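Convention: sequence-line order gives letters A, B, ...; per-chain numbering from 1. Computed from a predicted model, the values in this text were never measured in an experiment. Hydrogens, waters and symmetry mates are skipped; everything else that's a heavy atom, side chains included, is used.
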There are 2 protein chains.
Amino acid sequence: MNLKDLAKALELSQTTVSRALNGYPEVNEDTRKRVETMARKLGYAPNQQARRLATGRSMSIGHVIPRTLHEMMNPIFMEFIAGAGEAYSRLGYDMIISVVEDRQVEATYREIAAKKKADAVMVHGPRNNDKRHLLLKELGIPFLVHGRVPGAESSTSWIDVNNTRAFERATDLLLDLGHRRIAFLNGLENMDFAIRRRAGFERAFQNRGLAPDPSLMRQSEMTEPYGADCALEMLRTDKPPTAFLVSSMISAIGVSRAISLCGLEIGKDVSVITHDDALSFLPNSGEVPIFTCTRSSVRYAGRRAAELLIEKILPDPDTRIEEHLEAELIIGRSTGPRQR
Amino acid sequence: MNLKDLAKALELSQTTVSRALNGYPEVNEDTRKRVETMARKLGYAPNQQARRLATGRSMSIGHVIPRTLHEMMNPIFMEFIAGAGEAYSRLGYDMIISVVEDRQVEATYREIAAKKKADAVMVHGPRNNDKRHLLLKELGIPFLVHGRVPGAESSTSWIDVNNTRAFERATDLLLDLGHRRIAFLNGLENMDFAIRRRAGFERAFQNRGLAPDPSLMRQSEMTEPYGADCALEMLRTDKPPTAFLVSSMISAIGVSRAISLCGLEIGKDVSVITHDDALSFLPNSGEVPIFTCTRSSVRYAGRRAAELLIEKILPDPDTRIEEHLEAELIIGRSTGPRQR
DNA sequence: TCTCGTATTCAAAGCGGTTTGGAAGATTGT
DNA sequence: ACAATCTTCCAAACCGCTTTGAATACGAGA
């Protein structure tokens, strides 16, 4: 069942049928109704490939995931994808995901451009010396960055959590509670978001004329053992931290395991604040959440990002988008005044 | 830069150029070399949409994710996708992911079929009364099930972990260690994999003429709080379990938190075995892993599934595939002989 | 020398849509 | 009544590739 058949069945030209279905004005309202009815009756759906070829638009958005990124960040990433996916299917777009080796990222983008595989791409996990935005501009593919490319904030479209502010506020809270020896378990600091979080952490100290203890600051992939191992090691020194600021729920769970192992009580002997991406399988909710946290739904970010990106490709690809999401600071059971 | 331009530059017909690039035999080897060189020089890449239209193959695989599935299972699912994605990009296929509401699943499959969006689809998370395989057969889309559709094992292609056997072995181990009051925290038992795991658990008891205590058997989404809450509740009764068998690392982490909260020691006072999908952000490895587990890499499953599915659509769509993955039973620090 | 495979190449016909540039019929203005 | 203007519909071109069917050139066999 293709357009030709449908047109024949209706005794109309392909032109008219096509226009009727695509909502063009130069077709009689009665005809349109008739066409739509028949289309539904015969189960007609335009062949995606043909339409794409004819219109030149692929109606799909590309996501290129280098291995280093998907290797570890993946639960958070998945949540973002889930959000974006919702928006895409609502708006009639396809999401195409390419999981590739790091060194193939550039080739993959070039292929997307050359073969016209996608109308736009989403850029994930911007890093220190990220060059992807330059490549994409060269290739002329519209894109949106989830996060910010350092140094290119004002020349790219992006959506990002206000990481600096979130972590500054979290640190402020710990300082207000009397903590001074605050451990900071950050994500890998070649990632832009981690750099910003660190800046927030340090700024809070500076604002009070204090300085964080460098020996309590770590960075790594945000796994559970990372949290546990760091916390264990730190808690066993003679000058253990009285509080932890952690970049991810997953690592925070590790920290909390370590605290238990040391026979200490979380929220009493040791305070913990974590950044909570609102991962569905790690709900930190309830009346009083387990962890005090800076919370920002990454799924929402995904949904919003998808909407913005599609908006961007529609009328004028040159409009630049900046969207800041603020994280909430939510008090849970893992923080309390300094005891020792 | 399209085929026509390239042909003109070479002073050859489109036919010959196309054939040269696609490796057809009826083209002179010298000509082929010349064509390939020029193509590379001019940066030619065939337009994907046009090729798709002409060949009738979309060179992409669809994954339809209903909300209920992606809502919670998502870290495991993501890992599968990462594996599948690797294989797809290696084999030149695109992965298109549709995140939809449950009630739109059928419509989405129909759309994929009608619009020829994908050459095949992967079916995730088969359930009790799953009907998707019937729909897909009706639509004539090749598919592979990750897991098994109850009652349709012998009429569909699938790849699955031997869940029953894995959980039987795990239970055996606990029984061998003297445990009798074994709590079983399963996934939702409308999912096929959960049904099989339960069967394995029960069979191990039956084989010894024993029976599990139904009050210690639970099922739910496999979140962290699920594990913690169940364990807390059970450990506070007068007849607490001495061991836990848990369907997911994530819930196992919750269980372990509960055990600590009760002032007990994991692996000594209480034993825990979990199923470990080898999630990258929850590595349970090292010389002696934290958790004793039945381990089966879901990422590998994804990679393998993708390969099989593509194999299946290539020559003869009617060959049926069955592949069983065995889980390893790995001893970690979370199990020991019954104390009380 | 003539015929016949074989090796190469090509023109043109799809694939299934969208879009351009009319054309016919209906309506309006004078 | 007649030109001007809408309204509504259509034939044909086009998107960029693959593939069919045929043409050309060449060397081998009769």
In whole angstroms, the gap separating C1' of D:dC17 from CG of A:L53 amounts to 8 Å
Is B:K137 atom NZ crowded by more than 12 heavy atoms from other residues, nucleotides or ligands, each under 6.0 Å away?
-> yes
What heavy-atom pair brings A:Y88 and A:H63 nearest, and what distance separates the two atoms?
-> OH-NE2, 2.9 Å
Using heavy atoms to find the nearest nucleotide of DNA chain D for A:S13 and B:N2 separately, return the residue whose nucleotide is more 5′.
-> A:S13
May I have the distance from B:Y24 (atom OH) to D:dT20 (atom C1'), rounded to whole angstrom?
-> 11 Å
Closest non-hydrogen atom pair between A:G92 and A:M59, with its separation | O-CE, 3.6 Å
Nearest non-hydrogen partners of B:L21 and B:A39, listed with the distance = CD2-CB, 4.2 Å
side-chain N/O B:Y44 vs D:dG16 OP1/OP2, d < 4.0 Å = no
Could you tell me the separation between the CG atom of B:L3 and the P atom of D:dT18, rounded to a whole number of Å?
-> 7 Å
With sugar-phosphate meaning primed atoms plus P, OP1 and OP2, does A:T15 contact a base, only sugar-phosphate, or nothing at under 4.0 Å between heavy atoms?
-> base
Rounded to whole Å, CG of A:N47 lies from C1' of D:dC15 at a distance of 13 Å
Centres of the A:F193 and A:H146 rings: under 6.0 Å?
-> no
Taking atom types as modelled, find out whether B:T15 and B:S18 have a side-chain donor-acceptor pair closer than 3.5 angstrom.
-> no
Separation of A:L10 atom CG from D:dC9 atom P, in whole Å?
-> 11 Å
So does A:R148 pair up with A:E322, basic N to acidic O under 4.0 Å?
-> no
Could you tell me from which nucleotide to which nucleotide of DNA chain C, 5' to 3', there is an atom under 4.0 Å from chain B heavy atoms?
-> C:dT8 to C:dG16
Tell me what B:Q48 touches on the nucleic acid: a base, only sugar-phosphate, or nothing, going by heavy atoms under 4.0 Å.
-> nothing
Determine the sole option in A:I159, A:V123, A:V145, A:I61 for which the side chain to side chain contact (heavy atoms under 4.5 Å, CB included) test with A:L309 is passed.
-> A:I61
Please find out if less than 6.0 Å separates the ring center of B:H324 from that of B:W158.
-> yes
Could you tell me whether A:Q14 contacts a base, only the sugar-phosphate backbone, or nothing, with contacts defined as non-hydrogen atoms closer than 4.0 Å?
-> base
At under 4.0 Å between heavy atoms, what does B:R19 touch on the DNA or RNA strands: base, sugar-phosphate, or nothing?
-> base
Atom NZ of B:K8 and atom P of D:dG16: how far apart are they, to the nearest Å?
-> 12 Å
In residues 26-37 of chain B, what residues come within less than 4.0 Å of DNA chain C, judged by heavy atoms?
-> B:E26, B:V27, B:N28, B:T31
Could you check how far CZ of B:R57 sits from C1' of D:dC17, rounded to whole Å?
-> 13 Å
